[in-house]
Amino acid sequence: MLDIRQFRESPEHVRERLATRGIEFSEKVDDILRLDTERREAITAVEELKAKRNSASKEIGLLMSQKKLEEAESKKAEVREIGDQISQLDIKASQTDEELRNILLRLPNLPHADVPIGSSEDDNKEISKWGEKPSFDFDPKPHTEICETLGLVDFARGAKLSGSGFLLYSDWGARLERALIQYLLDIHVHENGYTEVSPPFIVGYDCMIGVGQFPKFEDQAYMVQEGLDEDSRGKMYLIPTAEAPVANIHREEILKNEELPKYYCAYSPCFRAEAGAAGVGTRGMIRVHQFDKVELIKIVEPEGSYDELNKMLSNAEKILQSLNLHYRILQLCTADMSFGSATTYDIEVWAPGQGDYLEVSSCSNCEDYQARRMNLRYKDAEGKNRHPHILNGSGTALARLFVALIETYQQPDGSILIPEPLQNYLRTDRIPAS
RNA sequence: GGAGAGAUGGCUGAGUGGUCGAAAGCGCUCCCCUGCUAAGGGAGUAUAGGUUAACGCCUAUCGAGGGUUCGAAUCCCUCUCUCUCCGCCA
(Lines give C-alpha, C1' and ligand atoms only; values in the text may rest on other atoms or scores of the structure.)
Protein backbone atom coordinates (compact mmCIF):
# COMPACT_ATOMS: atom_id res chain seq x y z
CA MET A 1 0.00 0.00 0.00
CA LEU A 2 1.25 3.44 -0.84
CA ASP A 3 1.63 6.09 1.82
CA ILE A 4 -1.28 8.53 1.71
CA ARG A 5 1.14 11.27 2.68
CA GLN A 6 2.94 10.80 -0.63
CA PHE A 7 -0.28 11.64 -2.41
CA ARG A 8 -0.74 14.80 -0.37
CA GLU A 9 2.82 15.98 -0.62
CA SER A 10 3.69 15.12 -4.21
CA PRO A 11 0.62 14.06 -6.17
CA GLU A 12 2.29 14.74 -9.51
CA HIS A 13 5.17 12.45 -8.73
CA VAL A 14 2.82 9.65 -7.69
CA ARG A 15 0.70 10.18 -10.78
CA GLU A 16 3.72 10.04 -13.06
CA ARG A 17 5.17 6.91 -11.42
CA LEU A 18 1.83 5.10 -11.38
CA ALA A 19 1.33 5.93 -15.03
CA THR A 20 4.41 3.86 -15.87
CA ARG A 21 2.48 0.82 -14.67
CA GLY A 22 -0.74 1.69 -16.46
CA ILE A 23 -2.93 4.76 -16.76
CA GLU A 24 -5.79 2.98 -15.00
CA PHE A 25 -3.72 3.45 -11.84
CA SER A 26 -2.68 7.05 -12.27
CA GLU A 27 -6.30 7.96 -12.98
CA LYS A 28 -7.11 7.13 -9.37
CA VAL A 29 -4.93 9.85 -7.90
CA ASP A 30 -7.64 12.51 -8.02
CA ASP A 31 -10.17 10.20 -6.40
CA ILE A 32 -7.73 9.52 -3.63
CA LEU A 33 -7.01 13.17 -3.00
CA ARG A 34 -10.72 13.96 -2.91
CA LEU A 35 -11.52 11.08 -0.57
CA ASP A 36 -8.62 11.96 1.66
CA THR A 37 -9.93 15.49 2.06
CA GLU A 38 -13.46 14.25 2.67
CA ARG A 39 -12.23 11.75 5.16
CA ARG A 40 -10.31 14.30 7.15
CA GLU A 41 -13.19 16.75 7.17
CA ALA A 42 -15.53 14.08 8.45
CA ILE A 43 -13.09 13.01 11.12
CA THR A 44 -12.47 16.54 12.32
CA ALA A 45 -16.20 17.19 12.56
CA VAL A 46 -17.02 13.99 14.38
CA GLU A 47 -14.11 14.32 16.78
CA GLU A 48 -15.19 17.80 17.74
CA LEU A 49 -18.60 16.44 18.62
CA LYS A 50 -17.08 13.59 20.56
CA ALA A 51 -14.98 16.01 22.58
CA LYS A 52 -18.15 17.95 23.32
CA ARG A 53 -19.96 14.81 24.39
CA ASN A 54 -17.11 13.67 26.59
CA SER A 55 -16.93 16.90 28.52
CA ALA A 56 -20.72 17.09 28.85
CA SER A 57 -20.80 13.54 30.14
CA LYS A 58 -18.31 14.44 32.78
CA GLU A 59 -20.50 17.35 33.86
CA ILE A 60 -23.42 14.98 34.16
CA GLY A 61 -21.40 12.73 36.39
CA LEU A 62 -20.56 15.72 38.54
CA LEU A 63 -24.20 16.88 38.72
CA MET A 64 -25.32 13.39 39.68
CA SER A 65 -22.84 13.21 42.49
CA GLN A 66 -24.11 16.56 43.74
CA LYS A 67 -27.69 15.24 43.57
CA LYS A 68 -28.70 17.91 41.07
CA LEU A 69 -30.84 15.38 39.26
CA GLU A 70 -33.04 17.74 37.25
CA GLU A 71 -30.12 19.57 35.76
CA ALA A 72 -28.50 16.27 34.98
CA GLU A 73 -31.59 15.04 33.16
CA SER A 74 -31.83 18.05 30.90
CA LYS A 75 -28.18 17.78 30.14
CA LYS A 76 -28.67 14.14 29.24
CA ALA A 77 -31.29 15.01 26.65
CA GLU A 78 -28.89 17.49 25.13
CA VAL A 79 -26.07 15.00 24.91
CA ARG A 80 -28.34 12.33 23.49
CA GLU A 81 -28.85 14.59 20.51
CA ILE A 82 -25.13 15.00 20.05
CA GLY A 83 -24.89 11.24 20.15
CA ASP A 84 -27.26 10.93 17.21
CA GLN A 85 -25.22 13.34 15.16
CA ILE A 86 -22.09 11.45 16.06
CA SER A 87 -23.39 8.11 14.87
CA GLN A 88 -24.39 9.58 11.52
CA LEU A 89 -21.06 11.31 10.99
CA ASP A 90 -19.21 8.23 12.17
CA ILE A 91 -20.84 6.21 9.45
CA LYS A 92 -19.85 8.73 6.82
CA ALA A 93 -16.30 8.88 8.10
CA SER A 94 -15.84 5.14 8.10
CA GLN A 95 -17.43 4.79 4.68
CA THR A 96 -15.05 7.33 3.23
CA ASP A 97 -12.18 5.64 4.97
CA GLU A 98 -13.10 2.27 3.56
CA GLU A 99 -13.56 3.66 0.06
CA LEU A 100 -10.12 5.22 0.25
CA ARG A 101 -8.54 2.05 1.54
CA ASN A 102 -10.17 -0.01 -1.18
CA ILE A 103 -8.61 2.11 -3.86
CA LEU A 104 -5.22 2.19 -2.16
CA LEU A 105 -5.19 -1.60 -1.80
CA ARG A 106 -5.71 -1.91 -5.55
CA LEU A 107 -2.85 0.36 -6.53
CA PRO A 108 0.53 -1.21 -7.28
CA ASN A 109 3.79 -0.07 -5.79
CA LEU A 110 5.67 2.79 -7.40
CA PRO A 111 8.54 1.47 -9.51
CA HIS A 112 12.02 2.48 -8.46
CA ALA A 113 13.54 5.23 -10.59
CA ASP A 114 15.97 2.78 -12.24
CA VAL A 115 13.27 0.43 -13.49
CA PRO A 116 12.97 0.44 -17.28
CA ILE A 117 9.64 1.77 -18.43
CA GLY A 118 7.78 -0.55 -20.71
CA SER A 119 4.43 -1.83 -21.83
CA SER A 120 5.00 -5.59 -21.89
CA GLU A 121 7.51 -8.27 -21.07
CA ASP A 122 9.29 -7.46 -24.31
CA ASP A 123 10.60 -4.34 -22.63
CA ASN A 124 12.39 -6.23 -19.87
CA LYS A 125 16.08 -5.53 -19.87
CA GLU A 126 18.72 -8.22 -19.97
CA ILE A 127 21.30 -7.47 -17.29
CA SER A 128 23.71 -10.35 -17.54
CA LYS A 129 24.30 -13.90 -18.65
CA TRP A 130 26.16 -16.67 -16.93
CA GLY A 131 27.68 -19.73 -18.54
CA GLU A 132 27.12 -21.01 -22.03
CA LYS A 133 24.33 -22.81 -23.77
CA PRO A 134 25.40 -26.44 -23.71
CA SER A 135 26.06 -28.00 -27.08
CA PHE A 136 24.83 -31.43 -28.08
CA ASP A 137 25.91 -33.80 -30.78
CA PHE A 138 22.37 -35.06 -30.91
CA ASP A 139 18.97 -33.39 -30.82
CA PRO A 140 18.25 -32.60 -27.17
CA LYS A 141 14.86 -33.92 -26.21
CA PRO A 142 12.22 -31.90 -24.44
CA HIS A 143 11.64 -32.79 -20.79
CA THR A 144 8.21 -34.25 -21.54
CA GLU A 145 9.80 -36.92 -23.64
CA ILE A 146 12.61 -37.57 -21.17
CA CYS A 147 10.16 -37.80 -18.30
CA GLU A 148 7.99 -40.23 -20.14
CA THR A 149 10.84 -42.43 -21.33
CA LEU A 150 12.48 -42.60 -17.91
CA GLY A 151 9.21 -42.55 -15.98
CA LEU A 152 10.22 -39.46 -14.01
CA VAL A 153 6.80 -37.89 -14.19
CA ASP A 154 3.56 -39.68 -14.93
CA PHE A 155 1.64 -36.93 -16.69
CA ALA A 156 -1.38 -39.04 -17.54
CA ARG A 157 -1.94 -40.33 -14.03
CA GLY A 158 -1.22 -36.92 -12.51
CA ALA A 159 -4.05 -35.59 -14.63
CA LYS A 160 -6.21 -38.55 -13.70
CA LEU A 161 -5.74 -37.80 -10.03
CA SER A 162 -6.24 -34.04 -10.06
CA GLY A 163 -6.80 -32.79 -13.58
CA SER A 164 -4.42 -31.25 -16.04
CA GLY A 165 -1.63 -29.20 -14.54
CA PHE A 166 -0.92 -31.62 -11.72
CA LEU A 167 2.15 -33.79 -11.70
CA LEU A 168 2.77 -37.26 -10.39
CA TYR A 169 6.52 -37.47 -9.90
CA SER A 170 7.64 -41.07 -9.89
CA ASP A 171 10.65 -43.04 -8.83
CA TRP A 172 13.81 -41.17 -9.91
CA GLY A 173 11.69 -38.13 -10.67
CA ALA A 174 10.26 -37.99 -7.17
CA ARG A 175 13.69 -38.56 -5.69
CA LEU A 176 15.27 -35.86 -7.84
CA GLU A 177 12.58 -33.40 -6.78
CA ARG A 178 13.19 -34.21 -3.11
CA ALA A 179 16.95 -34.01 -3.57
CA LEU A 180 16.64 -30.57 -5.11
CA ILE A 181 14.46 -29.29 -2.26
CA GLN A 182 16.95 -30.54 0.28
CA TYR A 183 19.92 -29.19 -1.63
CA LEU A 184 18.48 -25.71 -2.06
CA LEU A 185 17.52 -25.41 1.59
CA ASP A 186 20.93 -26.59 2.70
CA ILE A 187 22.70 -23.99 0.57
CA HIS A 188 20.53 -21.15 1.83
CA VAL A 189 20.77 -22.23 5.46
CA HIS A 190 24.43 -23.19 5.64
CA GLU A 191 26.05 -20.94 3.07
CA ASN A 192 23.75 -17.95 2.67
CA GLY A 193 22.72 -17.40 6.27
CA TYR A 194 18.97 -17.80 6.07
CA THR A 195 16.82 -19.15 8.90
CA GLU A 196 14.72 -22.06 7.73
CA VAL A 197 11.01 -22.03 8.49
CA SER A 198 8.32 -24.47 7.51
CA PRO A 199 5.09 -22.51 7.21
CA PRO A 200 1.44 -23.51 6.89
CA PHE A 201 0.42 -24.15 3.29
CA ILE A 202 -2.98 -22.60 3.94
CA VAL A 203 -3.21 -18.97 4.99
CA GLY A 204 -5.92 -16.55 6.02
CA TYR A 205 -7.24 -13.76 3.83
CA ASP A 206 -5.22 -11.11 5.68
CA CYS A 207 -1.93 -12.73 4.72
CA MET A 208 -2.92 -12.56 1.07
CA ILE A 209 -3.79 -8.87 1.51
CA GLY A 210 -0.49 -8.32 3.27
CA VAL A 211 1.70 -9.46 0.40
CA GLY A 212 -0.50 -7.78 -2.20
CA GLN A 213 -1.99 -10.94 -3.73
CA PHE A 214 -5.41 -9.76 -2.69
CA PRO A 215 -7.78 -8.14 -3.38
CA LYS A 216 -6.69 -7.90 -7.00
CA PHE A 217 -5.78 -11.53 -7.68
CA GLU A 218 -8.45 -13.43 -5.80
CA ASP A 219 -9.34 -15.16 -9.04
CA GLN A 220 -5.91 -16.80 -9.15
CA ALA A 221 -6.07 -18.51 -5.77
CA TYR A 222 -7.47 -21.79 -4.55
CA MET A 223 -9.99 -21.12 -1.83
CA VAL A 224 -10.36 -23.74 0.86
CA GLN A 225 -13.66 -24.74 2.39
CA GLU A 226 -13.86 -26.52 5.73
CA GLY A 227 -15.81 -29.68 5.19
CA LEU A 228 -19.35 -28.82 4.20
CA ASP A 229 -19.32 -25.48 5.98
CA GLU A 230 -19.94 -22.93 3.25
CA ASP A 231 -19.54 -20.13 5.79
CA SER A 232 -15.86 -20.98 5.98
CA ARG A 233 -15.37 -19.86 2.38
CA GLY A 234 -13.29 -16.79 1.73
CA LYS A 235 -11.19 -17.25 4.83
CA MET A 236 -8.48 -19.75 3.93
CA TYR A 237 -6.43 -20.09 0.77
CA LEU A 238 -3.81 -22.48 -0.55
CA ILE A 239 -0.60 -20.50 -0.74
CA PRO A 240 0.51 -19.39 -4.22
CA THR A 241 4.04 -19.01 -2.80
CA ALA A 242 5.69 -19.34 0.60
CA GLU A 243 6.00 -15.58 0.48
CA ALA A 244 2.39 -15.40 1.65
CA PRO A 245 2.94 -17.01 5.06
CA VAL A 246 6.62 -16.17 5.55
CA ALA A 247 6.55 -12.45 4.74
CA ASN A 248 3.61 -12.22 7.14
CA ILE A 249 5.36 -13.89 10.06
CA HIS A 250 5.79 -10.58 11.84
CA ARG A 251 2.72 -8.78 10.60
CA GLU A 252 1.18 -6.31 13.03
CA GLU A 253 4.32 -6.46 15.11
CA ILE A 254 6.77 -3.76 16.07
CA LEU A 255 10.20 -5.32 15.78
CA LYS A 256 13.17 -4.05 17.69
CA ASN A 257 15.91 -2.41 15.72
CA GLU A 258 18.41 -5.09 16.67
CA GLU A 259 16.11 -7.86 15.46
CA LEU A 260 16.70 -6.76 11.88
CA PRO A 261 17.63 -7.96 9.40
CA LYS A 262 15.53 -11.11 9.26
CA TYR A 263 16.47 -13.67 6.64
CA TYR A 264 14.05 -16.54 6.15
CA CYS A 265 13.98 -19.40 3.72
CA ALA A 266 11.20 -21.91 3.32
CA TYR A 267 10.23 -24.80 1.16
CA SER A 268 6.59 -25.05 0.14
CA PRO A 269 4.43 -26.29 -2.64
CA CYS A 270 2.80 -23.43 -4.54
CA PHE A 271 -0.77 -23.58 -5.77
CA ARG A 272 -1.90 -21.46 -8.66
CA ALA A 273 -5.22 -21.50 -10.40
CA GLU A 274 -3.60 -19.80 -13.43
CA ALA A 275 -7.05 -18.81 -14.60
CA GLY A 276 -6.79 -17.46 -18.10
CA ALA A 277 -3.01 -17.85 -18.26
CA ALA A 278 -1.39 -18.89 -21.51
CA GLY A 279 0.05 -22.36 -21.46
CA VAL A 280 -2.25 -23.87 -18.86
CA GLY A 281 -3.44 -27.21 -19.99
CA THR A 282 -0.48 -27.71 -22.26
CA ARG A 283 1.54 -30.77 -21.50
CA GLY A 284 4.65 -30.64 -19.42
CA MET A 285 5.99 -29.02 -16.32
CA ILE A 286 6.44 -25.43 -17.39
CA ARG A 287 3.12 -24.10 -16.18
CA VAL A 288 1.30 -26.21 -13.62
CA HIS A 289 -1.18 -25.72 -10.80
CA GLN A 290 1.14 -27.09 -8.15
CA PHE A 291 4.89 -26.85 -8.01
CA ASP A 292 7.57 -26.85 -5.35
CA LYS A 293 9.64 -23.83 -4.51
CA VAL A 294 12.21 -22.70 -2.00
CA GLU A 295 11.52 -19.09 -1.15
CA LEU A 296 13.76 -16.42 0.33
CA ILE A 297 12.38 -13.56 2.41
CA LYS A 298 14.21 -10.62 3.93
CA ILE A 299 12.91 -8.01 6.31
CA VAL A 300 15.43 -5.20 6.48
CA GLU A 301 15.90 -1.54 7.30
CA PRO A 302 15.15 0.73 4.32
CA GLU A 303 18.74 1.93 4.18
CA GLY A 304 20.64 -0.68 2.22
CA SER A 305 17.63 -2.66 1.07
CA TYR A 306 18.90 -2.57 -2.52
CA ASP A 307 22.22 -4.07 -1.45
CA GLU A 308 20.16 -6.77 0.21
CA LEU A 309 18.31 -7.31 -3.05
CA ASN A 310 21.57 -7.77 -4.92
CA LYS A 311 22.78 -10.24 -2.32
CA MET A 312 19.53 -12.16 -2.55
CA LEU A 313 19.90 -12.32 -6.30
CA SER A 314 23.40 -13.77 -5.95
CA ASN A 315 22.07 -16.27 -3.41
CA ALA A 316 19.68 -17.56 -6.05
CA GLU A 317 22.32 -17.42 -8.79
CA LYS A 318 24.63 -19.52 -6.68
CA ILE A 319 22.20 -22.41 -7.02
CA LEU A 320 22.31 -22.36 -10.79
CA GLN A 321 26.05 -21.79 -10.86
CA SER A 322 26.69 -24.73 -8.58
CA LEU A 323 24.62 -26.90 -10.89
CA ASN A 324 26.41 -25.39 -13.86
CA LEU A 325 23.23 -24.32 -15.61
CA HIS A 326 23.31 -21.50 -18.10
CA TYR A 327 21.06 -18.58 -17.20
CA ARG A 328 20.38 -14.91 -17.80
CA ILE A 329 19.13 -12.16 -15.57
CA LEU A 330 16.47 -9.70 -16.60
CA GLN A 331 15.39 -6.56 -14.93
CA LEU A 332 11.64 -6.41 -15.31
CA CYS A 333 10.10 -3.31 -16.81
CA THR A 334 7.34 -1.34 -15.13
CA ALA A 335 4.60 -3.29 -16.89
CA ASP A 336 5.85 -6.75 -16.00
CA MET A 337 6.70 -6.36 -12.31
CA SER A 338 4.51 -7.93 -9.70
CA PHE A 339 2.04 -5.72 -7.94
CA GLY A 340 3.95 -4.95 -4.76
CA SER A 341 7.40 -4.72 -6.23
CA ALA A 342 9.50 -1.61 -6.71
CA THR A 343 12.29 -3.48 -8.48
CA THR A 344 12.37 -7.04 -9.76
CA TYR A 345 15.08 -9.21 -11.27
CA ASP A 346 14.14 -12.46 -12.91
CA ILE A 347 16.52 -15.32 -13.37
CA GLU A 348 15.82 -17.42 -16.43
CA VAL A 349 17.54 -20.75 -16.86
CA TRP A 350 18.31 -22.23 -20.23
CA ALA A 351 16.32 -25.34 -21.16
CA PRO A 352 17.91 -26.93 -24.25
CA GLY A 353 14.96 -29.18 -25.01
CA GLN A 354 12.68 -26.16 -25.06
CA GLY A 355 15.22 -24.00 -26.84
CA ASP A 356 14.15 -21.29 -24.46
CA TYR A 357 14.86 -19.63 -21.16
CA LEU A 358 12.56 -20.50 -18.24
CA GLU A 359 11.89 -18.19 -15.34
CA VAL A 360 13.00 -19.95 -12.16
CA SER A 361 13.44 -17.02 -9.84
CA SER A 362 12.04 -13.60 -9.30
CA CYS A 363 13.75 -11.40 -6.74
CA SER A 364 11.90 -8.28 -5.68
CA ASN A 365 12.30 -5.39 -3.34
CA CYS A 366 8.81 -4.37 -2.28
CA GLU A 367 10.23 -1.60 -0.12
CA ASP A 368 7.64 -0.67 2.50
CA TYR A 369 4.62 -1.49 0.32
CA GLN A 370 3.88 -4.83 1.97
CA ALA A 371 4.96 -3.74 5.44
CA ARG A 372 2.39 -0.98 5.28
CA ARG A 373 -0.33 -3.36 4.15
CA MET A 374 0.41 -5.77 6.96
CA ASN A 375 1.12 -3.04 9.51
CA LEU A 376 4.61 -4.31 10.21
CA ARG A 377 6.96 -1.82 11.81
CA TYR A 378 10.27 -1.65 13.60
CA LYS A 379 11.81 0.82 16.00
CA ASP A 380 14.76 2.54 14.41
CA ALA A 381 17.87 3.71 16.26
CA GLU A 382 16.08 6.89 17.34
CA GLY A 383 13.15 4.87 18.69
CA LYS A 384 10.85 5.95 15.87
CA ASN A 385 8.45 3.43 14.37
CA ARG A 386 9.08 2.85 10.71
CA HIS A 387 8.02 0.35 8.10
CA PRO A 388 10.86 -2.02 7.15
CA HIS A 389 11.53 -3.06 3.58
CA ILE A 390 10.45 -6.57 2.63
CA LEU A 391 12.19 -8.52 -0.11
CA ASN A 392 11.26 -11.83 -1.62
CA GLY A 393 12.99 -14.08 -4.05
CA SER A 394 12.69 -17.58 -5.32
CA GLY A 395 15.66 -19.64 -4.51
CA THR A 396 14.45 -21.25 -6.77
CA ALA A 397 11.25 -22.64 -8.28
CA LEU A 398 11.61 -26.35 -8.75
CA ALA A 399 9.52 -27.74 -11.58
CA ARG A 400 11.31 -25.57 -14.13
CA LEU A 401 14.69 -26.14 -12.53
CA PHE A 402 13.94 -29.86 -12.86
CA VAL A 403 13.21 -29.29 -16.54
CA ALA A 404 16.41 -27.34 -17.16
CA LEU A 405 18.43 -29.91 -15.26
CA ILE A 406 17.25 -32.99 -17.11
CA GLU A 407 17.28 -31.27 -20.47
CA THR A 408 20.80 -29.97 -19.90
CA TYR A 409 22.24 -33.19 -18.57
CA GLN A 410 20.55 -35.68 -20.86
CA GLN A 411 22.92 -38.09 -22.55
CA PRO A 412 22.79 -39.68 -26.00
CA ASP A 413 21.98 -43.03 -24.42
CA GLY A 414 18.96 -41.55 -22.65
CA SER A 415 20.49 -41.44 -19.19
CA ILE A 416 20.86 -38.22 -17.19
CA LEU A 417 24.09 -37.15 -15.55
CA ILE A 418 23.67 -35.74 -12.06
CA PRO A 419 25.81 -32.70 -11.25
CA GLU A 420 28.28 -33.26 -8.47
CA PRO A 421 26.54 -31.30 -5.67
CA LEU A 422 23.39 -33.40 -6.05
CA GLN A 423 25.06 -36.77 -6.16
CA ASN A 424 25.09 -37.33 -2.42
CA TYR A 425 21.47 -36.31 -2.14
CA LEU A 426 20.41 -38.63 -4.90
CA ARG A 427 22.98 -41.33 -4.07
CA THR A 428 23.93 -41.67 -7.70
CA ASP A 429 25.82 -39.81 -10.39
CA ARG A 430 23.45 -40.82 -13.14
CA ILE A 431 19.80 -41.56 -13.62
CA PRO A 432 20.02 -44.68 -15.77
CA ALA A 433 18.44 -45.01 -19.16
CA SER A 434 15.45 -47.26 -18.99
C1' G B 1 -16.84 -31.75 18.66
C1' G B 2 -18.29 -31.16 24.36
C1' A B 3 -17.34 -28.67 29.39
C1' G B 4 -14.84 -24.96 32.03
C1' A B 5 -11.24 -20.74 32.72
C1' G B 6 -9.01 -16.67 30.65
C1' A B 7 -7.29 -12.39 27.11
C1' U B 8 -5.51 -5.14 30.43
C1' G B 9 0.72 -1.05 28.46
C1' G B 10 7.81 -4.11 27.04
C1' C B 11 6.66 -7.87 31.22
C1' U B 12 3.94 -9.16 36.00
C1' G B 13 -0.59 -7.55 37.62
C1' A B 14 -4.81 -4.31 40.04
C1' G B 15 -9.13 -2.33 38.43
C1' U B 16 -17.16 -4.33 37.98
C1' G B 17 -20.54 2.23 35.09
C1' G B 18 -18.19 8.79 35.91
C1' U B 19 -10.92 13.02 35.27
C1' C B 20 -8.98 5.18 33.88
C1' G B 21 -4.96 5.63 28.75
C1' A B 22 -5.52 2.93 33.08
C1' A B 23 -2.78 1.65 40.34
C1' A B 24 1.50 -0.97 41.86
C1' G B 25 5.88 -3.66 40.81
C1' C B 26 9.63 -5.08 37.29
C1' G B 27 12.28 -3.62 33.00
C1' C B 28 14.14 0.41 29.99
C1' U B 29 15.85 5.82 29.10
C1' C B 30 17.57 10.42 31.09
C1' C B 31 19.07 13.31 35.33
C1' C B 32 20.86 13.78 40.53
C1' C B 33 23.67 11.67 44.48
C1' U B 34 27.72 8.51 45.79
C1' G B 35 36.15 6.86 45.47
C1' C B 36 34.53 2.40 41.96
C1' U B 37 30.60 -1.14 42.17
C1' A B 38 26.12 -1.91 44.66
C1' A B 39 22.27 0.81 46.86
C1' G B 40 19.33 5.50 46.84
C1' G B 41 16.40 10.00 44.89
C1' G B 42 13.78 12.41 40.71
C1' A B 43 11.63 12.55 35.77
C1' G B 44 10.11 9.97 31.59
C1' U B 45 8.61 5.42 29.14
C1' A B 46 1.95 2.47 24.08
C1' U B 47 -0.28 2.86 19.15
C1' A B 48 -2.99 5.15 15.37
C1' G B 49 -5.64 9.32 13.57
C1' G B 50 -7.17 14.60 13.38
C1' U B 51 -5.54 19.63 14.17
C1' U B 52 -1.38 23.21 14.71
C1' A B 53 4.22 26.96 12.00
C1' A B 54 5.39 24.78 16.65
C1' C B 55 4.52 23.86 22.03
C1' G B 56 0.33 21.59 22.38
C1' C B 57 -4.79 20.29 22.06
C1' C B 58 -8.41 16.69 20.59
C1' U B 59 -10.30 11.59 19.13
C1' A B 60 -9.97 6.36 19.25
C1' U B 61 -7.84 1.92 21.23
C1' C B 62 -7.84 -2.47 27.94
C1' G B 63 -8.30 -9.75 22.23
C1' A B 64 -11.95 -8.24 17.70
C1' G B 65 -16.78 -6.57 16.24
C1' G B 66 -21.63 -5.03 17.64
C1' G B 67 -25.22 -3.38 21.56
C1' U B 68 -27.15 -0.86 26.24
C1' U B 69 -26.07 4.17 28.43
C1' C B 70 -25.50 11.14 28.82
C1' G B 71 -21.00 8.17 29.85
C1' A B 72 -18.14 1.29 29.14
C1' A B 73 -11.69 -1.78 30.66
C1' U B 74 -16.11 -2.45 33.81
C1' C B 75 -22.99 -4.56 31.79
C1' C B 76 -25.16 -7.58 27.32
C1' C B 77 -24.47 -10.32 22.46
C1' U B 78 -21.34 -12.49 18.57
C1' C B 79 -16.59 -13.95 17.06
C1' U B 80 -11.22 -15.06 17.53
C1' C B 81 -7.29 -16.89 20.26
C1' U B 82 -4.93 -19.23 24.69
C1' C B 83 -5.08 -22.72 28.82
C1' U B 84 -7.31 -27.17 31.48
C1' C B 85 -10.37 -31.55 31.14
C1' C B 86 -13.22 -35.05 27.91
C1' G B 87 -14.11 -37.14 22.95
C1' C B 88 -12.08 -37.98 18.02
C1' C B 89 -7.68 -38.28 15.24
C1' A B 90 -2.19 -38.37 11.86
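We name chains A, B, ... by the order of the sequence lines, and we start the count at 1 in each one.
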(message) A cation-pi test, strictly: NZ or CZ of A:Lys235 under 6.0 Å from the centre of the six-membered ring of A:Tyr205 and no more than 45 degrees from its axis. Yes or no?
(response)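 Not flagged: A:Lys235 not positioned over aromatic ring of A:Tyr205.
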(message) Does anything in residues 77-104 of chain A form a ring pair (Phe, Tyr, Trp, His ring centres under 6.0 Å)? List the pairs, not counting sequence neighbours.
(response) none
Say we look at [N] and [M]: how far apart would their [atom1] atoms be, to the nearest angstrom?
| N | M | atom1 | result |
| --- | --- | --- | --- |
| B:A7 | B:C57 | P | 33 Å |
| B:G87 | B:C79 | C1' | 24 Å |
| B:G27 | B:C11 | P | 16 Å |
| B:C32 | B:G25 | C1' | 23 Å |
| B:G18 | B:U78 | P | 26 Å |
| B:G9 | B:G65 | C1' | 22 Å |
| B:G1 | B:U16 | P | 34 Å |
| B:A64 | B:C28 | C1' | 30 Å |

Quick one: do [X] and [Y] make a salt bridge, cutoff under 4.0 Å?
| X | Y | result |
| --- | --- | --- |
| A:Lys311 | A:Glu308 | yes |
| A:Lys160 | A:Asp154 | no |
| A:Lys52 | A:Glu78 | no |
| A:Arg101 | A:Asp97 | no |
| A:Asp368 | A:Arg372 | yes |

Identify each donor-acceptor pair in which a side-chain atom of residues 185-204 of chain A lies under 3.5 Å from a protein atom, sequence neighbours left out, and give them as a table.
| unit_1 | atom_1 | unit_2 | atom_2 | d |
| --- | --- | --- | --- | --- |
| A:Asp186 | OD2 | A:Tyr425 | OH | 2.5 |
| A:His188 | ND1 | A:Asn192 | ND2 | 3.1 |
| A:His188 | NE2 | A:Gly395 | O | 2.7 |
| A:Asn192 | OD1 | A:Asn315 | ND2 | 3.4 |
| A:Asn192 | OD1 | A:Lys318 | NZ | 2.8 |
| A:Tyr194 | OH | A:Asn315 | OD1 | 2.6 |

(message) On RNA chain B, compare the nucleotides closest to A:Ile254 and A:Thr44; which residue's is nearer the 5' end?
(response)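 In this pair, the answer is A:Ile254.
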(request) Hey, which sits more toward the 5' end of RNA chain B by its nearest nucleotide, A:Ala77 or A:Lys379? (result)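 Result of the comparison: A:Lys379.
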Can you pull out the residues from [range] that lie within a 4.0 Å heavy-atom distance of RNA chain B?
| range | result |
| --- | --- |
| residues 35-42 of chain A | A:Arg39, A:Arg40 |
| residues 367-376 of chain A | none |
| residues 46-59 of chain A | A:Glu47, A:Lys50, A:Ala51, A:Arg53, A:Asn54, A:Ser57 |

(request) On RNA chain B, reading 5' to 3', which nucleotide is the first and which the last to sit with an atom under 4.0 Å from a heavy atom of chain A, could you check? (result) B:G18 to B:G71
(request) Evaluate the side-chain proximity of A:His389 to A:Leu309: yes if any heavy-atom separation is below 4.5 Å, no if none is. (result) no
Any strand counts, and the cut-off is 3.5 Å on both contacts for Watson-Crick or G-U wobble. Which nucleotide pairs with [N]?
| N | result |
| --- | --- |
| B:C33 | none |
| B:G6 | B:C81 |
| B:G87 | none |
| B:U61 | B:A46 |
| B:G18 | B:C70 |

(message) Applying the side-chain hydrogen bond (donor to acceptor under 3.5 Å, both in side chains) criterion to A:Tyr378, which one of A:Glu253, A:Glu259, A:Glu258, A:Glu301 satisfies it?
(response) A:Glu301
(message) Over all strands shown, is A:Arg8 touching base, sugar-phosphate only, or nothing at heavy-atom distances under 4.0 angstrom?
(response) sugar-phosphate
(message) Between A:Gln410 and A:Glu145, is there a side-chain donor-acceptor contact under 3.5 Å, judged purely by atom types and distance?
(response) no
(request) Ignoring hydrogens and angles, state whether a donor on the side chain of A:Asp346 or A:Ser362 is under 3.5 Å from an acceptor on the partner side chain. (result)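 Yes, side-chain donor-acceptor contact under 3.5 Å.
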(message) In terms of relative ring orientation, are A:Phe271 and A:Tyr222 parallel, tilted or perpendicular, with 30° and 60° separating the classes?
(response)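 Correct class here is perpendicular.
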(request) Mind telling me whether A:Tyr369 and A:Phe339 have parallel, tilted or perpendicular rings, with 30° and 60° as the class edges? (result) perpendicular
(request) Measure the spacing between SG of A:Cys207 and CZ of A:Arg251 and express it to the nearest 0.5 Å. (result)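 Answer for the SG-CZ pair, A:Cys207 versus A:Arg251, is 5.0 Å.
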